[in-house]
Structures are given as C-alpha cells and as structure tokens.
Amino acid sequence: MEELERLLDQPHRVGWDEVEPVLLLLAGIDASGDEAAGSAALATLARRPRELIRLDAVARRALWWKWTRRPEVSRSLSRFGEGIASPLGIALATTHGDGRIRERAVREVIARPLPELVPFLVLRSGDWVREVRAAAGAGLAELLHDDPARYLPAALGVGLRVERWLRGSFVRKQLLATAVDARAPLESLLESPDREVRAFAFGVGTWRLDRKVSVALTAPDVRLRSAAAEAAARDCVWTGRVEVLRRLAASPHAEVRVQALTGLVRAGRDAEVVAYLDDTSSLVRALARAVASREGVDVPAYYRSRVTAGAIDGFAEVGGDGRHLVELLAHPSATIRARAVRALRLLEQVPDDRVRPMLRDPSSAVVREATVAVRSVPEELPWELLADERRAVRLAGYRLARRIGPVAELRAALTVVVGEDERLARRGRADAVRMSRALESVPWRRRTVAPLEVGVEESPVLRALLARAAVELDEQTGYLLREHLG
C-alpha cells in the first residue's frame, strides 16, 4: 500500500506505448491472490477519485496487446475469464479496452455489490459504449435506491467529478435523487475528507441554524465556510438572532466575518460594524468603511490613531499624508514595520534614506517589503547584499540588481550560479539562459534583438564571472555569452 500511495502521488505521464505503473502494481496484487491486499488497494483508490479517473483514462488509452502481454495482467484477466476474479480483478476489468469485457465486468459489480467497486460503476455509467452505459446506469440507480447509506458516499467522490462529462448528467441526477432521500447520510458526508462531497452534502441538505453555524466556524475549506456563514447570517436576519451574528463576526476566518457583518448591517447594527475598520481582511475593512461613512466617522483619523496591521493597511487604502507611518519603521514589531513599508509604497511616499537600511532588517518579511519599496538603488548596494550571510538579504540584492539594468542582471545571475544557495543558483541559471537566448538572433523570430551594452570596466568582471560559472551552465548558454562578451 505504501508503494501504491507513492505511485499515486507522482505525476506520471506515460506515452502511448507505455503501461501505467500503478495499473501494473494493481494487476500484480490481483494476480497474487491476496484479497486482503486487493481490498486495501480498492479502498485507497476510492479515497482518491481524481487519481482513479486518471487511471481509468490511461488504462483505456493503453495499447492492450502490450498491456495483456505482462504476466501479472494476463493472470488477472484469466482469473476474470474463469469466473474466480477478486473484487480488484473485476475493477481492473471495468477499465479494459474491449467493451464486451467492460460490460461483463459491470454485471459482475452489480451481482457482487461492494462500496469499493461503486466508483468504477459510476465511471462506466458514462461509458461511450451504449450497452456498457445502460447496464452501469441501471445498476447504479438500483444500488443507490436500495441502500443509499452504504453506496452514496462511495459514489459521490467520482460522481461529482464526472457530472460535467458528455454523458455525466445521468450520474448527477441519480446523486441528487438519492441525496434528498431521508435515508441519505448527509450528516456524515459533512465530515468527508473530500471537499467536493462536503459542499454537495451541505448544498442539498436542510440544516438547522446551529448546524450551519457549526459548519461556518469549523469547516476545513473556505468555500464551505462561506456558504454556511451566508446561510446562517440570512437565517439570523430573518429571525433577529443578533447574538449568533456576533458569534460569527468573531470568527478567525474573513469569509465568515464578512457574512456576519453584512447580516449585522441588515439588522440595523451599524455601530457594531464600525469597530471592524482595522480588521485584517481588506473586504471586511471595505464593508466597515462603507458603514462608517454613514455614521460620520473620520476614517483616516481613526486609522492614524491606531497601531495595528489592519489600521496601517486601511490607511493605505484610503490615502492621505503618511508621515505617521515613517515613525512606525522603527517599531519593535516586524509585522508593523513590514506593513508600514508596504503602505508607504502604495501611497508613493517612501523615504529611501529610511527604507534602504531595512534591506538588512532581522525580519525576512521586512526585507521583502523594503526590496519592493525602495526607489533609488546605489550601484554598489546589490553586490554588498549578495555577499550577506542571510538568504533573504541575498535575494534582495539579486532583485535590486535586476532593477539596475540588463548588465547588472547578468552579473548577478553569474554571481549566484556558483553560490552555495541552490535555490538562488537555479534562478540564476534560468536567468542566464533566458538572457543568452535573447541575445541570439534567429530567422524565425521577428522581434529586434537588443544588444547588451557592456562598458569597458564591466566587461572584465563579466568575463571572469562567466569563466567561474561555466561549469554550472549548459554549453550553448556559455558559448552565446562568451561570443557576446568577446
């Protein structure tokens, strides 16, 4: 199972004449006769519907004369032909390139219904062969009707992802019809690890207010939290449950807070919404500012009076004189310093003499913001930063060198290529390759090649760096750069 998980995690791209290694592994498990391992493999595939759909497509695309020649595959198919196939063998037969074998496998699934086989039945209900499609659709509808609590969770993972197929509308209708059944396990589906299943279960269910609030506060994905918060806030507005809206407004998730605050506005509680002017979410701040304008609040003055990340971001959004932000550049909190630098950049009021020393700030976040914000770059500054011990500072120097011009950009790329920072070295190699290709004039490119204007003082430095970096660059890149540098 560990090997199966490893193969499923890898982005395989097999050719037309190659066999998918996952399918070979599954066929080997089936050929071994170990039904416990086969059941575990099916359970693993059922938990990963995307990979299952990809495997089905790859299996049907394979050249079956090569596929069936493998001993483990031929053994699995012979067991299926003899009528002693395991559930895993039946599942593999549903992906066969021969429609008659797929149809027989579908009938075997219906005769021996197991939740682990239902995803394969769902796939075949959209099959391009009419006989296979009809048998799979009839069997799927019957299983879902007879025992929705057992088979609906197994069908949803794949079913929700194939509903957009050319023949996938049937699956969607069956899933919806089963979900509205009183016996459908919608409550347990809300706890599914699959986000598509959770969203489906919440969308088709009729939930009490307390359950909507619980989902809004605890759901693991943003889409479900937002939908639950919107539904809960709507119910609260209709029923006057202001205390529930306040509870939602205290959520750490911005998508929940904005729905709750919208509900408070509709309930006439504008004064409570104004308190969120310096929220960390830009959407929440925008809503609070719209309410504050009706309440007569001086929003810029409010932002100046508070030293929080939200207040600094909010002041940058409304604009104004940012002199008070300059004082925050020396604040002990790295978050405040970084937000102050960003706000000054957005307001186009950056004092370079104060921001430039922050390129060596202890906080990497501050260094990144200062790199973007600084406007004038002395010629020697990038090379001093590239020699620093900290990676964030070296990256700042690399980015600043690119802003000076193409010659400095090439010098920085050749400098980091031979450095100890492998990530920065890869970036330098990529930039060196890009610049060398841009210097090459070829007939099929219509664009004009801009020459690299290298000064007399810069040329020896670049040639020396290129000689050091030659072992790290490919032959063509080194040749083009040497030719251009003379």
May I ask you to decide if the ring planes of F202 and W207 are parallel, tilted or perpendicular, using 30° and 60° as cut-offs?
parallel
For T262 and V258 the tightest heavy-atom approach is OG1-O, 2.7 Å
Is the CZ atom of R247 crowded by more than 12 outside heavy atoms at less than 6.0 Å?
no
Testing the basics here: between L347 and G322, what is the closest heavy-atom pair and its distance to 0.1 Å?
CD1-CA, 4.4 Å
Is the shortest distance from a Lys or Arg side-chain nitrogen in R198 or E196 to a carboxylate oxygen in the other one below 4.0 Å?
no
Quick one: does Y303's side chain have a donor or acceptor within less than 3.5 Å of a partner on L277's backbone?
yes
R337 side-chain N/O to P332 backbone N/O, donor-acceptor pair under 3.5 Å:
yes
For residues R306 and A311, report the shortest heavy-atom separation together with the two atoms involved.
O-CB, 3.7 Å
T218 side chain vs S214 backbone, donor-acceptor pair below 3.5 Å:
yes
Taking side-chain hydrogen bond (donor to acceptor under 3.5 Å, both in side chains) as the test, write out the residues that go with R368, two or more places apart.
none
Is the backbone of Q174 close enough, under 3.5 Å, to the side chain of T178 for a donor and an acceptor to pair up by distance?
yes
Are any non-hydrogen side-chain atoms of L381 and R356 less than 4.5 angstrom apart?
yes
List the steps and the verdict of side-chain contact (heavy atoms from CB on, under 4.5 Å) for L52 and L123.
CA-CA 9 Å; L52 178 56; L123 287 173; 4.3 Å; yes
Given R429 and E422, is the salt bridge (Lys or Arg N to Asp or Glu O under 4.0 Å) satisfied, shown in steps?
CA-CA 10 Å; R429 280 193 293 271; E422 181 55 33; 3.0 Å; yes
Flag the pair L359 / T371 as yes when at least one side-chain heavy-atom distance between them is below 4.5 Å, and no otherwise.
yes
Before giving the answer on salt bridge (Lys or Arg N to Asp or Glu O under 4.0 Å), spell out for R6 and E3 the whole-Å C-alpha distance, their side-chain angles and the decisive distance to 0.1 Å.
CA-CA 5 Å; R6 185 186 68 81; E3 178 67 11; 2.6 Å; yes
Measuring from atom CD of E255 to atom CZ of R223, what distance do you get when rounded to the nearest 0.5 angstrom?
13.0 Å
CA sep, side-chain torsions, deciding dist, call: R411, E409, salt bridge (Lys or Arg N to Asp or Glu O under 4.0 Å):
CA-CA 5 Å; R411 177 182 171 183; E409 181 181 2; over 6 Å; no
Partner set under salt bridge (charged side-chain N to carboxylate O under 4.0 Å, His left out) for R48, not counting sequence neighbours
E5, D9, E51
Qualifying residue for side-chain contact (heavy atoms from CB on, under 4.5 Å) with R257, from L283, L287, D279:
D279
Would you mind reporting whether V273 and R269 have side-chain heavy atoms less than 4.5 Å apart?
no
Does the pair R375/E348 count as a salt bridge with the N-to-O cut at 4.0 Å?
no
Is L26 close to L4 at the side-chain level, that is, under 4.5 Å between some pair of heavy atoms?
yes
Keeping D388 on the side-chain end and V393 on the backbone end, is there a donor-acceptor pair under 3.5 Å?
no
Which pairs count as salt bridge (charged side-chain N to carboxylate O under 4.0 Å, His left out) when at least one residue sits in residues 149-158, sequence neighbours excluded?
none
I'd like to check V350 versus V374 (side-chain heavy atoms, cut-off strictly below 4.5 Å). Are they in contact?
no
Would you indicate whether the side-chain heavy atoms of S364 and R390 approach each other to under 4.5 Å?
yes
Looking at E384 and R360, does any basic side-chain N land under 4.0 Å from a carboxylate oxygen?
yes
As a quick check of understanding, evaluate side chain to side chain donor-acceptor pair (under 3.5 Å) for T415 and R468, giving each step before the final call.
CA-CA 9 Å; T415 300; R468 288 178 53 201; over 6 Å; no
Counting C-beta onward and ignoring hydrogens, is there a side-chain heavy-atom pair between R294 and V291 closer than 4.5 Å?
yes
Look at the side chain of R161 and the backbone N and O of G157, then say whether any donor-acceptor pair between them is shorter than 3.5 Å.
yes
For residues R463 and S459, is any side-chain donor paired with an opposing acceptor at under 3.5 Å?
yes
Do side-chain atoms of D474 reach the backbone of T477 as a donor and acceptor pair under 3.5 angstrom?
yes
Heavy-atom distance under 4.5 Å between the side chains of L45 and P119, does that happen here?
no
